[in-house]
Amino acid sequence: MKSLIQIMLAIVIACGLLSFAASKLEAANSAGGKDTLVVYNWGEYIDPSLIDQFEEETGISVIYETYDSNEAMLTKIRQGGSAYDVVVPSEYTIETMIKEDLLIEIDHSKLPNLQNIDPYFLDLPFDPKNKYSIPYFWGTVGVVYNPNEIPKHITFDSWDDLWDPALKNKVFLVDGAREIMGMGLNSLGYSLNSRDDNQLREALEKLKLLNGNVKAIIGDEITPLMINNEATVAVTFSGQAADMMFENEELDYAVPQEGSNLWFDNMVIPKTSKNVAGAHQFMNFMLDAEVAAQNTDYVGYAIPNKAAWELLDDEVVNDERFYPHEESRNNLEVYENLGLELLGTYNEYFLEFKMSLE
């Protein structure tokens, strides 16, 4: 009888724990409300002290979650189980979210600090009149390298420098299909948004010729490897390059002249939001000149906030490697929404390239 009672007690406790876990999970999935703001952003993409400052100024508690790709974020938004209030997708993903009716129109009258944004970064093709998105950061894809560790004739004015035999086992590539397939396309003089399968196959075959030069295809690990001089060359994003160069003064960054990616990450409000008013407050807070300047000092990426530029060191905003002038941007391309089928082809060819590496 005693053992039976113990068993029944164990079952009751287990059921209670399961019920508690389920309620916590439900709460996490349905978090939000006028006193809470759920922000979904890239990792290491905001100064944490700014979240504390926003909470102190508004009385709104922030739940902050991160993702590592637009695709992972979009999948979660589509599922609709999480009530995110502010998300920070890239331009081609924003275009997709608009088409799929996943976003709330933004009330510009609630964003007085929107006037701080340079007009160049507004009214772009992926979101005309910024009905659904507000600029956050921008940058390029290029090559960070240690000029002391490679021959002087290699300057990365051209993507073709990556194929130089002197770079055997010295090149790291960011793990992204659009970035690496785009690099291959640009190196051939094609658009990184090419929809021509012959051009895509040609780019793939050229990428395969990098076999021997590519040391690895990796993600955020690129940063410490370059900082500690454990790697020589890396194809990566400008913000990552800036972080590396801040810690390692031997490094340099170049965007090849054939062209590359000009990307924009913007803040949006998903239709699952339970605190639309708070979302607008957060956006306006991030658009404040002092806040934006502090944020870019922490993150390292370029900001579109012209009012904040005046608060940054001149050597930062005048560095054309990270703040290319408008004329220089004319040779860069924004990623377009290619559609699921064509994006699948890019991913398939990128995987084939990775499988070809020894």
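Every value quoted in this text rests on a predicted model; they were computed, and no experiment measured them. Side chains included, hydrogens not; waters and symmetry mates left out as well; all remaining heavy atoms used.
Checking Ser194 against Gln199 by side-chain atom types alone, a donor-acceptor pair falls below 3.5 Å.
Between the CZ atom of Phe156 and the CD1 atom of Ile154 there is a distance of 6.0 Å, given to the nearest 0.5 Å. Rounded to the nearest 0.5 angstrom, Ser82 OG and Glu65 CD are separated by 6.5 Å. Interatomic distance, Asn113 CG to Asp288 CG, rounded to the nearest 0.5 Å: 5.5 Å. The CE atom of Met226 lies 10.5 Å from the OH atom of Tyr145; values are rounded to the nearest 0.5 Å. The structure places OG1 of Thr66 at 8.5 Å from CG of Asn41, a figure rounded to the nearest 0.5 Å.
Each salt bridge (charged side-chain N to carboxylate O under 4.0 Å, His left out) pair with one or both residues in residues 97-110, not counting sequence neighbours, appears once here: Arg78-Glu100, Glu95-Lys99, Asp101-Lys271, Glu105-Lys131. Applying the salt bridge (charged side-chain N to carboxylate O under 4.0 Å, His left out) rule to pairs touching residues 246-268 yields Asp252-Arg321, sequence neighbours excluded. Residue pairs meeting the salt bridge (charged side-chain N to carboxylate O under 4.0 Å, His left out) criterion with at least one member in residues 155-174, sequence neighbours excluded, are Asp160-Lys206.
Scanning all heavy atoms of the two residues, the minimum distance from Val235 to Ile180 falls at CG1-CD1, 4.3 Å. Minimum heavy-atom separation, Asp85 to Ser273: OD1-OG, 2.7 Å. Shortest non-hydrogen contact noted between Leu167 and Ile150 is CD2-CG2, 3.5 Å. The heavy-atom pair separating Ile60 from Thr36 by the smallest distance is CG2-C, 3.8 Å. Of all heavy-atom pairs spanning Leu262 and Trp138, the tightest one is CD1-CE3, 3.6 Å. Ile51 approaches Tyr64 most closely through the heavy-atom pair CD1-CD1, 3.6 Å.
Applying the under-4.5 Å side-chain rule to Ile, Leu, Val, Met, Phe, Trp and Tyr, the cluster around Leu351 extends to Met355.
Counting heavy atoms from C-beta outward, Thr345 and Leu338 have side chains that stay 4.5 Å or more apart. Contact of the Tyr346 side chain with the Leu185 side chain is registered, since non-hydrogen atoms from C-beta on lie closer than 4.5 Å. By the 4.5 Å heavy-atom criterion applied to side chains, Leu332 and Ser260 are counted as neighbours. Put simply, the side chain of Met183 reaches to within 4.5 Å of the side chain of Leu162, judged on heavy atoms. Using a 4.5 Å cut-off on side-chain heavy atoms (C-beta onward), Asp123 and Pro128 make contact. Looking at heavy atoms from C-beta onward, Asp243 lies out of side-chain contact with Glu44 at the 4.5 angstrom threshold. Residues Lys76 and Tyr84 are in side-chain contact: their nearest non-hydrogen atoms beyond the backbone lie under 4.5 Å apart. Side-chain contact between Lys306 and Pro119 is present, with heavy atoms from C-beta onward closer than 4.5 Å.
Aromatic ring pairs are classed by plane angle as parallel below 30°, tilted from 30° to 60° and perpendicular above 60°; the pair Tyr253 and Phe322 is parallel. Using cut-offs of 30° and 60° for the angle between ring planes, the Trp309 and Tyr323 rings count as perpendicular. Ring-plane geometry between Trp263 and Phe237 is classed as perpendicular, the angle between the planes exceeding 60 degrees on a 0 to 90 degree scale with a lower cut at 30.
Counting heavy atoms of neighbouring residues, nucleotides and ligands inside a 6.0 Å radius, atom CD of Glu57 exceeds 12 of them. Heavy atoms of other residues, nucleotides or ligands lying less than 6.0 angstrom from CZ of Phe246 number 12 at most.
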Please determine whether side-chain hydrogen bond (donor to acceptor under 3.5 Å, both in side chains) holds for the pair Gln294 and Ser49, giving the CA-CA distance in whole Å, both sets of side-chain angles, and the decisive distance to 0.1 Å. CA-CA 10 Å; Gln294 179 178 330; Ser49 68; 3.0 Å; yes
Could you go through the side chain to side chain contact (heavy atoms under 4.5 Å, CB included) check for Ile106 and Asn130 one step at a time? CA-CA 8 Å; Ile106 294 170; Asn130 291 89; over 6 Å; no
Stepwise, does the side-chain hydrogen bond (donor to acceptor under 3.5 Å, both in side chains) test hold for Tyr349 with Asp197? CA-CA 10 Å; Tyr349 287 169; Asp197 192 63; 2.7 Å; yes
When you look at Leu200 and Tyr190, which way does the side chain to side chain contact (heavy atoms under 4.5 Å, CB included) test go after all the steps? CA-CA 9 Å; Leu200 292 172; Tyr190 301 140; over 6 Å; no
How far apart are the C-alpha atoms of Gln240 and Val144, what are their side-chain angles, what is the distance that settles it, and do they pass the side chain to side chain contact (heavy atoms under 4.5 Å, CB included) test? CA-CA 9 Å; Gln240 275 190 319; Val144 62; over 6 Å; no
Could you check Lys354 against Asp175 for side chain to side chain contact (heavy atoms under 4.5 Å, CB included), going step by step and ending with a plain yes or no? CA-CA 10 Å; Lys354 290 199 287 187; Asp175 191 6; 3.1 Å; yes
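Counting only distance, with no hydrogens or angles, the side chain of Ser69 and the backbone of Ala72 share a donor-acceptor pair below 3.5 Å. Of the possible polar contacts, one joining the Thr75 side chain to the Glu71 backbone as a donor-acceptor pair under 3.5 Å is found. Between the side chain of Glu352 and the main chain of Phe350, no donor-acceptor pair closer than 3.5 Å is present. For Glu149 (side chain) and Thr232 (main-chain N/O), no donor-acceptor pair under 3.5 Å exists by modelled atom type. Judged by distance alone, with hydrogens and angles left aside, the side-chain atoms of Asn193 form a donor-acceptor pair with the main-chain N or O of Val334 at under 3.5 Å. Looking at Asn305, its side chain does come within 3.5 Å of a backbone N or O of Leu287 through a donor-acceptor pair. Side-chain N or O atoms of Asn70 include one that pairs as donor or acceptor with a backbone N or O of Ser90 at under 3.5 Å. At least one donor-acceptor pair closer than 3.5 Å links the side chain of Trp159 to the backbone N or O of Gly259.
Applying the salt bridge (Lys or Arg N to Asp or Glu O under 4.0 Å) criterion to Asp196, with sequence neighbours excluded, gives no partner residue. For Glu320, the side chain to side chain contact (heavy atoms under 4.5 Å, CB included) partners are His325, Ser328, not counting sequence neighbours.
A continuous path of hydrophobic side-chain contacts links Leu342 to Leu207 [ILVMFWY only; heavy atoms under 4.5 Å]. Residues Ile46 and Leu311 fall into different hydrophobic clusters, defined by Ile, Leu, Val, Met, Phe, Trp and Tyr side chains chained together at heavy-atom separations under 4.5 Å. Cluster annotation: Phe353 is not connected to Leu343 through the hydrophobic network of ILVMFWY side chains, with a link wherever side-chain heavy atoms come within less than 4.5 Å. Transitive grouping of hydrophobic side chains (ILVMFWY, heavy atoms separated by less than 4.5 Å) brings Leu50 and Leu37 into a common cluster.
Checked against the 6.0 Å centroid criterion, the rings of Tyr136 and Tyr301 do not qualify as a close aromatic pair.
Considering Thr223, Asn229, Asn228 in turn, Asn229 is the only one that fulfils the side-chain hydrogen bond (donor to acceptor under 3.5 Å, both in side chains) rule with Asn248. When each of Leu312, Asp297, Val317 is checked for a side chain to side chain contact (heavy atoms under 4.5 Å, CB included) with Ile303, only Leu312 meets the rule.
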